[in-house]
Amino acid sequence: MIAHKSEIMKEQGNLGVALATGAVTNFFDALGIGNFATTTLVFKLTKFLKSDKYLPGTLNVGQAIPVVTEAFFFITVVKVEALTLGSLVASAVVGSILGARVVSKMPEKKIQLIMGIALIVTSVLMALKTLGMLDLLGQGNEALGLSGIMLVIGIVGNFIFGALMTAGVGLYAPCMAMVYMLGLNPLVAFPIMMCSCAALMPTSGIEFVRKGMYSRKAVIGLALGGIPGVIVAATFVKSMNLEVLTWIIIVVVLYTAINMLMSALRKKTETELA
């Protein structure tokens, strides 16, 4: 056990940075901002990981326990029909299982390209949400569940979002947009997206752990720091105004996305020249 701990501590990255990152990113995740883009940002700025190919696994494994904690806090707050919640969560889990098998075999360049594009899409969705444009889609929506073709669309959509989660693409923003467009009450997005992530992250994480495609030091820090971050957010500051902070995060996420895409393109150029 002592040798195992020593081996983990020798890994690249500072455990204190991971702990702080887990606390801060999950604090804001519990308030609806999401934790994948912000964690990616910190790990890129601090050069925490030795390779970007470890990002998807680290995110899904490390943020799993805090998100499960988060789901327990919020699942009882909002009503949603059991069939809708259960089927959408199940489809996200199935998508994540298939996605993890594909992503864990991807080279670093492809992961950088996918995450770079995904971060740009995420920042756009965050901006639309902050501007209130996503909320406009949900105005007048009262439904607490889906049926017929709308339920099928929701299942297919969450399957895709679950698969993309394993590539480091956050599920919150696209799931929220889909829920709004399907005519559900906007608040229904919270139990759906939080339970989807709580169910799929531990499941998909097994594949990344099995193949060693994650940072153990980062996972420990994110998990231990994330739990108190969620508890503080859920207990004390659920009503705080985060608009200014969200805009700052959007700008920095865009910077991270561009940086990641440039890294991928540089690798492509280097490969061609070789």
Side-chain angles (χ1 to χ4, degrees), residues 29-37 56 59-60 63-64 67-68 70-103 114 117-205:
D29 189 71
L31 298 169
I33 289 179
N35 58 28
F36 269 27
L59 292 171
N60 279 279
Q63 300 288 24
V67 171
V68 170
E70 190 175 299
F72 277 115
F73 269 95
F74 288 94
I75 188 60
T76 58
V77 177
V78 181
K79 290 183 179 180
V80 55
E81 289 182 5
L83 175 61
T84 298
L85 179 63
S87 56
L88 265 64
V89 170
S91 66
V93 171
V94 175
S96 72
I97 293 172
L98 298 178
R101 291 175 182 173
V102 174
V103 173
I114 291 172
I117 294 169
L119 287 171
I120 290 175
V121 173
T122 298
S123 64
V124 170
L125 287 170
M126 287 174 70
L128 291 174
K129 181 177 183 295
T130 305
L131 289 169
M133 297 178 72
L134 280 185
D135 294 339
L136 289 175
L137 295 174
Q139 280 188 355
N141 292 1
E142 299 294 340
L144 300 179
L146 300 171
S147 60
I149 187 63
M150 291 301 185
L151 180 59
V152 173
I153 293 172
I155 290 171
V156 172
N158 235 32
F159 173 87
I160 295 170
F161 302 151
L164 290 174
M165 274 280 287
T166 61
V169 183
L171 178 142
Y172 280 15
C175 180
M176 188 174 293
M178 180 185 73
V179 165
Y180 288 179
M181 289 186 286
L182 290 176
L184 290 172
N185 184 310
L187 290 176
V188 169
F190 285 85
I192 290 176
M193 63 191 188
M194 289 177 177
C195 288
S196 294
C197 293
L200 73 84
M201 290 169 75
T203 306
S204 63

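Counting from 1, the numbers follow the sequence of the chain as shown. Any value given below was found using the heavy atoms of this structure, including those in side chains, with hydrogens, waters and symmetry copies removed.
In this structure, Thr84 contributes its side chain and Gly145 its backbone to no donor-acceptor pair below 3.5 Å.
Rounding to the nearest 0.5 Å gives a distance of 7.5 Å between CG of Leu59 and CE of Met201. One finds the CG atom of Leu171 at 7.0 Å from the CZ atom of Phe161 (value rounded to the nearest 0.5 Å).
The list of side-chain hydrogen bond (donor to acceptor under 3.5 Å, both in side chains) pairs with a residue in residues 148-157, not counting sequence neighbours, is empty.
Within the 4.5 Å cutoff, the side chain of Ser96 has heavy atoms near those of the Thr166 side chain.
Under the rule for a side chain to side chain contact (heavy atoms under 4.5 Å, CB included), Ala163 has no partner lying at least two apart in sequence or in another chain. The side chain to side chain contact (heavy atoms under 4.5 Å, CB included) test applied to Ile97 returns Val93, Arg101, Thr203, not counting sequence neighbours. Applying the side chain to side chain contact (heavy atoms under 4.5 Å, CB included) test to Ile153 and every residue at least two apart in sequence or in another chain returns Ile149, Met150, Leu182. Applying the side chain to side chain contact (heavy atoms under 4.5 Å, CB included) rule to Ala198 yields the partners Val67, Val68, Ala71; only residues at least two apart in sequence or on another chain are considered.
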Show the numbers, then the answer: is there a side chain to side chain contact (heavy atoms under 4.5 Å, CB included) between Leu88 and Leu151?
-> CA-CA 8 Å; Leu88 265 64; Leu151 180 59; 4.0 Å; yes
What pairs of donor and acceptor atoms, side-chain ones from residues 186-196 against any protein atom, are under 3.5 angstrom apart with sequence neighbours left out?
unit_1, atom_1, unit_2, atom_2, d
Ser196, OG, Asn158, ND2, 3.0
Ser196, OG, Ile192, O, 2.6

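Scanning all heavy atoms of the two residues, the minimum distance from Ala100 to Ser204 falls at CB-O, 3.8 Å.
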